[in-house]
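Notes for the one structure printed next.
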Amino acid sequence: MSLTTVHTVADLRATVANWRAEGLRVALVPTMGALHDGHISLTHLAREHADRVIVSIFVNPTQFAPNEDFGAYPRTLPADQKLLGDAGVELCFAPSVEEMYPDGFATKVSVDGAMTNVLCGAARPGHFDGVAQVVTKLLLQALPDCAIFGQKDYQQLMVIRRFSADLNIPVEIIGAKILREDDGLAMSSRNRYLTPDERAIAPTLNKVLGDITAKAARGAELGPLLAKGREDILSAGFDPIDYLEVRDAETLELISDTVTKPARIFVAARLGKARLIDNHAIEPA
Ligand code: AMP
């Protein structure tokens with residue numbers, strides 16, 4: 001089966017209805033396009049869970065603040081379609097802003113709670129409301145059996161798990177591991193913003209997270225480790241650091257002394273035009 005692209009909810013639903021009539025399982029991989037191998041790895045995981053894979057491509061305006069990069073965000077649909085076709089994806093759903101938010105649209109989705117209001121929730125007010133709004137719509141439009149989200153956006157994955165459960169959305173949410181470049185930089189559509197010099201600096205984030213993770217897993221005090229990590233990130237050329245924090249892997253509660261349960265270290269920092277985020281799992285030895 002070759003890739004089909006649809007632009008309307010009606011066409012998406014008609015395709016899914018045909019698959020359902022054949023008794024097939026359906027997976028959805030929501031993206032904002034400018035696809036890279038990290039996104040493609042999500043489609044491979046989707047394939048392990050379903051007979052038919054849908055990738056949505058939509059740069060969602062409601063999750064960007066006015067001062068953020070909504071206008072500049074790369075839009076590369078023809079190249080994305082080529083990658084999806086090569087990966088064996090059956091359906092690309094690429095709606096317009098008007099299709100998603102037609103005239104008269106008046107509904108907000110608001111997420112709350114300790115997991116939402118920290119990290120990117122604190123640094124980007126309203127961001128997760130926009131994510132929840134668009135992901136809720138995408139899940140209800142496609143009504144897949146499962147949907148795949150990357151741990152690259154670990155907090156987003158946790159917030160999506162939370163509101164899907166809270167709203168009883170009957171879709172299994174599956175997390176996928178982070179895909180990295182050979183030098184350790186987490187793949188991201190926003191890496192395209194980096195100049196060659198910045199691209200050479202960018203793997204510092206992964207290196208700092210890796211160093212702290214190794215020591216924290218052996219029980220080292222986090223205070224001095226994080227202070228040194230901040231220094232290394234700033235002196236590499238990142239500015240500012242939005243956060244460099246260790247949190248409980250399940251609740252996202254802050255851990256400030258030592259790691260004694262599964263945790264996660266999170267970073268967000270700006271490098272030139274790009275705001276990069278990354279995270280590592282810390283499993284106490
Ligand atoms: P985005 O297009 O950036 O909104 O990302 C779409 C999905 O791909 C999200 O679930 C991301 O977490 C996931 N993703 C982005 N980058 C990576 C990566 N390097 N490895 C794994 N998943 C990723």
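Start at 1 and go down the list; that is how both ligands and their atoms are numbered. As the structure is a prediction and not an experimental result, all values here were calculated from the model.
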List, one per line, each side-chain donor-acceptor pair under 3.5 Å for residues 214-231, sequence neighbours excluded.
unit_1	atom_1	unit_2	atom_2	d
Lys228	NZ	Asp232	OD1	3.3
Lys228	NZ	Asp232	OD2	2.7

Side-chain donor-acceptor contacts of residues 256-269 below 3.5 Å, not counting sequence neighbours, with atom names and distances?
unit_1	atom_1	unit_2	atom_2	d
Lys261	NZ	Asp248	OD2	3.4
Arg264	NE	Asn279	OD1	2.8
Arg264	NH2	Asn279	OD1	3.0

Please list every donor-acceptor pair under 3.5 Å in which a side-chain atom of residues 113-121 meets a protein atom from a residue at least two apart or in another chain.
unit_1	atom_1	unit_2	atom_2	d
Thr116	OG1	Asp112	O	3.2
Asn117	ND2	Asp112	OD1	3.0
Asn117	ND2	Gly113	O	3.2

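A salt bridge is absent between Asp129 and Lys108; no separation between the charged side-chain nitrogens and carboxylate oxygens falls under 4.0 Å. Using a 4.0 Å cut-off between charged nitrogen and carboxylate oxygen, Arg247 and Glu253 do not count as a salt-bridge pair. The pair Lys207-Asp278 does not count as a salt bridge, with every side-chain nitrogen at least 4.0 angstrom from each carboxylate oxygen.
When heavy-atom distances to ligand 1 are checked against 4.0 Å, the residues falling inside are Pro30, Thr31, Met32, His36, Gly38, His39, Leu42, Tyr73, Phe149, Gly150, Lys152, Asp153, Lys177, Ile178, Leu179, Met187, ordered by chain and number.
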